[in-house]
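What follows is a short report on a single structure.
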Amino acid sequence: MANTKELSVEDKLRAIYDLQLIDSRIDEIRNVRGELPLEVEDLEDEVAGLSTRSEKLKGDLEVVEDLIKSKKNAIDEHKEAIKKYTKQQESVRNNREFNSLTKEVEFQELEIQLAEKQIKEMKASIENKKAIISQSKEKLETKANHLKHKKSELEAIMAETAKEEAYLTEKSLEFQNLIEDRLLAAYTRIRTSVRNGLAVVSIERGASAGSFFTIPPQTQVEIASRKKIITDEHSGRILVDSQLADEEKEKMEKLFSKF
């Protein structure tokens, strides 16, 4: 909510230019961090994903190892069955019983062959999974170390700038409260629509800062008179004269120099 105290146009221009200087300084601080917060977030997600995959692979490995144990137990049972059927063949009463037992022995031998083949395939699968686990572990360690480095980098920058950013954010709110709602809304709209966040600029060499479009001399005189709010017809930015800009920059530099 803007301050209800009515300011002169010049005071409004000074207040909104000061707000621009403060917000631009906050932008600079955040630009120092750059993409680091997003990099850290992406790395955290990647490390979490790799950890989950590694745990799943280890779980799969345990399942296969348990299956091998189960197959080995089954082979032992088949061998015991062969011994039993072979022993029974010694006391059969006719060829039909003997042939029946022979078929049972052959069936048990086929089951052993099948189990041994499956064990061989599962052992190959285990070796493959172990290789993948080893690669995943290396990748996870590399990413985890990279994450640790990036976190330290971000924490160092945050520690260095957090106090200044918090102070300037508070100052930004103070200056916003000095500015009437309609003008503040225009400032916010322009600021969010331009790439460099500059909604208020000064006149430099007859043109608005950062623009090649010359401002007519009469308009420059009106801007310098500070009797009304004037915007650049090309960019929509609010314009202030260079003298006012220099005075406010000097004032704000003292504020920024505290850090």
Side-chain angles (χ1 to χ4, degrees), residues 1-38 157-158 160-259:
M1 177 67 71
N3 196 318
T4 54
K5 182 182 176 183
E6 185 62 35
L7 299 176
S8 67
V9 172
E10 181 174 337
D11 287 340
K12 288 177 185 178
L13 287 167
R14 288 185 185 277
I16 204 160
Y17 191 66
D18 288 345
L19 176 61
Q20 177 67 77
L21 292 172
I22 292 166
D23 286 344
S24 291
R25 177 59 188 154
I26 293 171
D27 290 344
E28 285 175 25
I29 292 169
R30 290 174 180 168
N31 286 338
V32 170
R33 295 201 289 268
E35 298 294 317
L36 259 181
L38 287 175
I157 293 171
M158 291 292 286
E160 188 179 325
T161 60
K163 192 174 179 182
E164 181 180 4
E165 185 178 353
Y167 175 77
L168 291 175
T169 300
E170 189 178 326
K171 283 292 175 187
S172 176
L173 290 172
E174 284 180 20
F175 277 90
Q176 286 176 41
N177 286 329
L178 294 174
I179 300 163
E180 64 188 57
D181 292 338
R182 189 172 62 176
L183 183 57
L184 183 61
Y187 168 84
T188 304
R189 186 185 68 254
I190 299 164
R191 183 166 149 71
T192 52
S193 67
V194 292
R195 190 174 59 181
N196 57 11
L198 294 177
V200 188
V201 293
S202 62
I203 304 298
E204 294 177 3
R205 294 184 294 278
S208 63
S211 170
F212 297 105
F213 295 103
T214 303
I215 294 170
Q218 180 58 40
T219 305
Q220 291 185 47
V221 171
E222 289 179 13
I223 293 165
S225 71
R226 307 168 191 169
K227 298 297 182 185
K228 63 178 180 176
I229 307 292
I230 297 174
T231 58
D232 180 13
E233 62 179 5
H234 300 288
S235 66
R237 292 184 172 104
I238 298 163
L239 300 171
V240 297
D241 62 277
S242 57
Q243 185 181 341
L244 181 147
D246 289 341
E247 290 168 1
E248 297 312 304
K249 281 177 186 174
E250 186 178 348
K251 184 174 79 176
M252 286 297 116
E253 281 302 321
K254 291 176 183 177
L255 186 74
F256 301 154
S257 66
K258 292 180 180 180
F259 296 91

Backbone N/O of Leu198 and side chain of Arg237: donor-acceptor pair under 3.5 Å: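 Yes; at least one donor-acceptor contact below 3.5 Å.
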
Taking the side chain as everything from C-beta on, heavy atoms only, tell me whether [X] gets closer than 4.5 Å to [Y].
X      : Y      : value
Tyr187 : Leu19  : yes
Leu21  : Leu255 : no
Ile215 : Leu239 : yes
Gln243 : Arg226 : yes
Gln20  : Glu248 : no
Asp18  : Leu178 : no

Should Arg191 and Asp27 be marked as a side-chain contact (heavy atoms from CB on, under 4.5 Å) after you check the CA-CA gap, both sets of side-chain angles, and the distance that decides it? CA-CA 11 Å; Arg191 183 166 149 71; Asp27 290 344; 2.9 Å; yes

Heavy atoms from other residues, nucleotides or ligands near NZ of Lys227 exceed 12 (cutoff 6.0 Å): no

May I ask you to check whether over 12 heavy atoms, not counting those of Glu160, lie within 6.0 Å of atom CD? no

Apply salt bridge (Lys or Arg N to Asp or Glu O under 4.0 Å) to residues Glu10 and Arg14 and explain how you reach the verdict. CA-CA 6 Å; Glu10 181 174 337; Arg14 288 185 185 277; 3.0 Å; yes

After noting the C-alpha distance and the side-chain angles of Arg33 and Arg30, does the key distance pass the side-chain contact (heavy atoms from CB on, under 4.5 Å) rule? CA-CA 5 Å; Arg33 295 201 289 268; Arg30 290 174 180 168; 3.3 Å; yes

Enter the distance from [X]:[atom1] to [Y]:[atom2] here, rounded to the nearest 0.5 Å.
X      : Y      : atom1 : atom2 : answer
Leu244 : Ile203 : CG    : CD1   : 11.5 Å
Ile179 : Leu13  : CD1   : CG    : 10.0 Å
Ile230 : Ser208 : CD1   : OG    : 12.5 Å
Asp23  : Thr169 : CG    : OG1   : 8.5 Å
Lys249 : Lys251 : NZ    : NZ    : 14.0 Å
Ser225 : Asp241 : OG    : CG    : 9.0 Å

May I have the step-by-step check of side-chain hydrogen bond (donor to acceptor under 3.5 Å, both in side chains) for Gln176 and Ser172, ending in yes or no? CA-CA 6 Å; Gln176 286 176 41; Ser172 176; 3.1 Å; yes

Suppose we screen for ring-ring contact (aromatic ring centres under 6.0 Å, His included). Which residues come up paired with Phe256, at least two apart in sequence or across chains?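 Result, ring-ring contact (aromatic ring centres under 6.0 Å, His included) vs Phe256: none returned.
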
Step by step, work out the side-chain contact (heavy atoms from CB on, under 4.5 Å) result for Ile16 and Ile229. CA-CA 11 Å; Ile16 204 160; Ile229 307 292; 6.0 Å; no

Show the nearest heavy-atom pair for residues Ser202 and Ser242, with the distance to one decimal.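 In this case the closest contact between Ser202 and Ser242 is CB-CA, 4.4 Å.
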
Please report the shortest heavy-atom distance between Phe175 and Ala15, naming the atom on each side. CD2-O, 3.7 Å

Just do the side-chain contact (heavy atoms from CB on, under 4.5 Å) check on Asp232 and Val201 with the steps written out, would you? CA-CA 9 Å; Asp232 180 13; Val201 293; 6.0 Å; no

